[in-house]
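Here is the structure we will look at.
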Amino acid sequence: MKTSDKQILKSKVINSSLDTVWWKWTTHEGLLTFFGQDNKIELTPSGAFEIYFLMDNPYGLRGSEGCKVLSFLPKQMLSFTWNAPPQYKEVRESAYHTWVVVNFKEVSKDQTEVTLTHLGWPEDKNWDPVYDYFNNAWGRVLELLYNSSKE
């Protein structure tokens, strides 16, 4: 599948230490503080990066089942594959995954800048609503992270 140059780019300064923000993105307990109702994360290349939002749905339709950690640099960068939400059935069933890169930069001992880039968007009009969905959703995710991190 041919990918476009489209990217979603979101950034926010979080009022928490780099250690805390890294923990929130890379551990089961940390993700529960701001992102989804449950998760399965294995911080290793090809490890699971599954976040579940719709717990009443059957497995496979709860969230990011099948998504994997691509790579990471401790306390600097995390990248993972990302699928379409269940409501975009045709796109989700294509089994193609986009990818997300989250960069972490210490601003001060109590502030961390988080920059999220979502890329790998196919040149396929069926993916346009999914792009629009995540263009809104990732800003909300960073806001939830910000609100969860008032130390």
Side-chain angles (χ1 to χ4, degrees), residues 1-16 20-73 75-105 112-150:
M1 186 173 293
K2 185 171 180 176
T3 59
S4 71
D5 292 334
K6 284 198 312 191
Q7 295 183 3
I8 296 170
L9 180 64
K10 304 289 181 181
S11 186
K12 189 152 188 79
V13 174
I14 308 301
N15 293 322
S16 287
T20 298
V21 176
W22 178 256
W23 172 82
K24 285 179 176 280
W25 273 97
T26 61
T27 68
H28 172 76
E29 296 82 5
L31 281 167
L32 288 176
T33 67
F34 78 100
F35 199 10
Q37 294 183 32
D38 199 4
N39 65 75
K40 178 181 179 184
I41 182 163
E42 299 163 345
L43 190 59
T44 187
S46 298
F49 196 86
E50 300 184 357
I51 302 175
Y52 313 125
F53 305 96
L54 306 167
M55 295 306 292
D56 291 336
N57 284 2
Y59 184 82
L61 297 174
R62 292 181 178 170
S64 69
E65 292 96 328
C67 292
K68 302 283 185 190
V69 172
L70 292 171
S71 65
F72 65 95
L73 290 168
K75 299 180 187 173
Q76 295 178 50
M77 182 275 297
L78 169 67
S79 66
F80 49 89
T81 62
W82 203 244
N83 59 5
Q87 64 264 37
Y88 302 100
K89 187 176 181 355
E90 181 181 331
V91 170
R92 187 175 175 98
E93 289 178 353
S94 75
Y96 177 82
H97 287 172
T98 56
W99 57 95
V100 177
V101 179
V102 184
N103 289 294
F104 305 84
K105 180 181 176 190
T112 304
E113 181 179 22
V114 176
T115 303
L116 183 146
T117 308
H118 189 165
L119 59 164
W121 295 99
E123 288 185 355
D124 178 342
K125 65 179 175 49
N126 291 326
W127 280 83
D128 290 348
V130 179
Y131 177 91
D132 293 340
Y133 173 89
F134 283 117
N135 195 32
N136 290 319
W138 287 124
R140 290 193 307 272
V141 169
L142 291 183
E143 193 63 33
L144 289 168
L145 174 63
Y146 177 84
N147 290 333
S148 77
S149 296
K150 294 179 180 171

Taking only residues two or more places apart in sequence, or in another chain, which ones meet [X] in a side-chain hydrogen bond (donor to acceptor under 3.5 Å, both in side chains)?
{"X": "Lys6", "answer": "Asp128"}
{"X": "Glu123", "answer": "none"}
{"X": "Asp132", "answer": "none"}
{"X": "Ser94", "answer": "none"}

Looking at Thr112 and Ile14, would you say the former's side chain and the latter's main chain have a donor-acceptor pair under 3.5 Å? no

Does the Ser79 side chain pair with the main chain of Ser71, one donor and one acceptor, at a distance under 3.5 Å? yes

Results of ring-ring contact (aromatic ring centres under 6.0 Å, His included) for Tyr96 - residues two or more places apart only: Trp127

How about His118 and Trp82: does a side-chain donor come under 3.5 Å of a side-chain acceptor? no

For the residue pair Trp121 and Tyr131, does the interplanar ring angle fall in the parallel (under 30°), tilted (30 to 60°) or perpendicular (over 60°) class? perpendicular

Can you label the angle between the Phe53 ring and the Phe35 ring as parallel, tilted or perpendicular, going by 30° and 60°? tilted

Please, which pairs that meet salt bridge (Lys or Arg N to Asp or Glu O under 4.0 Å) have at least one residue in residues 133-146, sequence neighbours excluded? Lys12-Glu143

Would you say that more than 12 heavy atoms from the other residues, nucleotides or ligands in this model lie under 6.0 Å from the CD of Glu29, or not? yes

Within a reach of under 6.0 Å around CG of Asn136, are more than 12 heavy atoms found that belong to other residues, nucleotides or ligands? yes

Indicate every side-chain donor-acceptor pair of residues 39-51 with a distance under 3.5 Å to a residue at least two apart or in another chain.
unit_1	atom_1	unit_2	atom_2	d
Asn39	OD1	His28	ND1	2.9
Asn39	ND2	His28	O	3.0
Glu42	OE1	Ala48	N	2.9
Glu50	OE1	Tyr52	OH	2.5
Glu50	OE1	Tyr59	OH	3.0
Glu50	OE2	Tyr59	OH	3.4
Glu50	OE2	Gly66	N	2.9

From CZ (Phe104) to CE (Met77), nearest 0.5 Å: 9.5 Å

For Glu93, side chain to side chain contact (heavy atoms under 4.5 Å, CB included) partners two or more places apart: Lys89

Applying salt bridge (Lys or Arg N to Asp or Glu O under 4.0 Å) to Arg92 and not counting sequence neighbours gives Glu65

Partners of Lys75 by salt bridge (Lys or Arg N to Asp or Glu O under 4.0 Å), sequence neighbours excluded? Asp19

